[in-house]
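For this chain, numbers begin at 1 and follow the sequence in order.
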Amino acid sequence: MRHSCSTGLVALGILAACTAPSPPRIDGRLTGIERESPTPAPTRSFIPSHDETKRRRERELGNALAQTIEKFTGADDVDVHLSLADRSLLSANPAIETSCAILINSGAQQPDQAAIKELAVAAIPGLAPARVKLFFSTRTPTVLETQFVGPIEVAQPSVMVAKIALGGLLSACLILAAGLIYAGLRLRRMRRGSTTAPPRR
């Protein structure tokens with residue numbers, strides 16, 4: 001009778017141990033703090049938003065207009081900044097009109113402003129001539145003064161550096177030439193000494 005009671009207590013203990021919740025494990029080790037689940041990374045939609053589509057259209061139209069103005073006027077560099085009007089229901093400011101700012105680096109000769117405005121108005125839908133702003137910049141080429149340092153022509157700011165380098169090169173050549181002359185004379189003396197020495201008996 002005692003044996004059956006003890007067997008029943010052991011069975012209850014094993015059942016309680018099996019049904020109890022196990023503590024959390026991290027890397028195979030027990031720990032008293034549960035590990036938090038990582039926050040999922042935000043997913044990026046493949047469909048562009050309304051603002052992204054608008055900015056891409058502005059960029060494409062601006063680049064095309066800049067290339068056309070460069071070919072039409074022969075300017076060195078043209079940048080076009082375009083802001084299209086947005087009449088959609090998703091627009092925050094539907095009252096803003098289409099505007100365009102054109103920066104032209106034309107060098108010494110300034111192109112015709114009226115022709116550039118007409119070209120911009122014809123290329124951008126909904127653009128009024130009063131909303132086109134032109135900005136010109138002149139970039140004159142810089143001419144560096146040169147000077148000859150020996151047989152080499154260098155720019156004026158680099159004359160001192162060229163003189164020092166050329167002087168060091170000449171000094172090295174002189175030292176090398178002196179060393180070769182000394183070695184030649186010494187070898188010649190050694191040969192003379194070997195020919196004039198009396199033969200040994």
Side-chain angles (χ1 to χ4, degrees), residues 24 26-27 33-169:
I26 297 179
D27 299 333
I33 303 175
E34 295 184 359
R35 189 176 184 179
E36 296 181 357
S37 59
T39 304
T43 58
R44 185 177 180 180
S45 176
F46 292 98
I47 302 176
S49 63
H50 177 73
D51 293 337
E52 292 176 349
T53 304
K54 179 176 177 293
R55 286 194 296 266
R56 183 176 61 187
R57 179 170 173 78
E58 292 173 350
R59 185 166 56 252
E60 292 175 353
L61 289 175
N63 292 336
L65 180 59
Q67 295 177 2
T68 305
I69 294 175
E70 289 178 358
K71 295 178 181 179
F72 179 72
T73 61
D76 298 334
D77 189 18
V78 177
D79 292 329
V80 176
H81 299 272
L82 182 63
S83 176
L84 296 175
D86 193 356
R87 300 288 189 262
S88 64
L89 298 177
L90 301 177
S91 175
N93 299 311
I96 297 179
E97 299 181 359
T98 300
S99 59
C100 180
I102 304 175
L103 288 76
I104 302 176
N105 178 20
S106 58
Q109 185 178 2
Q110 186 172 350
D112 188 4
Q113 299 186 18
I116 295 176
K117 284 189 175 183
E118 292 179 2
L119 182 61
V121 170
I124 307 300
L127 179 61
R131 303 291 295 178
V132 180
K133 302 297 181 181
L134 302 180
F135 302 91
F136 295 92
S137 64
T138 57
R139 185 186 302 169
T140 57
T142 56
V143 180
L144 294 177
E145 297 182 358
T146 59
Q147 181 179 346
F148 281 93
V149 179
I152 305 174
E153 185 179 6
V154 297
Q156 188 67 31
S158 305
V159 171
M160 185 60 64
V161 178
K163 288 182 178 179
I164 294 174
L166 188 59
L169 181 61

When rounded to the nearest 0.5 angstrom, what is the spacing between [atom1] in [X] and [atom2] in [Y]?
| X | Y | atom1 | atom2 | result |
| --- | --- | --- | --- | --- |
| Asn63 | Gln67 | CG | CD | 6.5 Å |
| Leu119 | Ile102 | CG | CD1 | 7.5 Å |
| Ser49 | Lys54 | OG | NZ | 11.5 Å |
| Ile104 | Asp76 | CD1 | CG | 11.0 Å |
| Ser83 | Leu127 | OG | CG | 10.5 Å |

*asked:* For a quick test of reading the model, state the closest non-hydrogen atom pair linking Val121 to Ala128 and the distance between them.
replied: CG2-C, 4.1 Å

*Minimum heavy-atom distance between Asn105 and Ser137, given as atom pair plus value*: OD1-O, 3.0 Å

Evaluate the side-chain proximity of [Y] to [X]: yes if any heavy-atom separation is below 4.5 Å, no if none is.
| X | Y | value |
| --- | --- | --- |
| Glu52 | Arg55 | yes |
| Leu134 | Val132 | yes |
| Leu65 | Leu82 | no |
| Val159 | Lys163 | yes |
| Ile124 | Leu84 | yes |
| Val80 | Cys100 | yes |

*asked:* I'd like to know if the side chain of Thr98 reaches the main chain of Ala85, judged simply by a donor and an acceptor atom lying under 3.5 Å from each other, with no hydrogens or angles considered.
replied: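 Answer holds: yes.
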
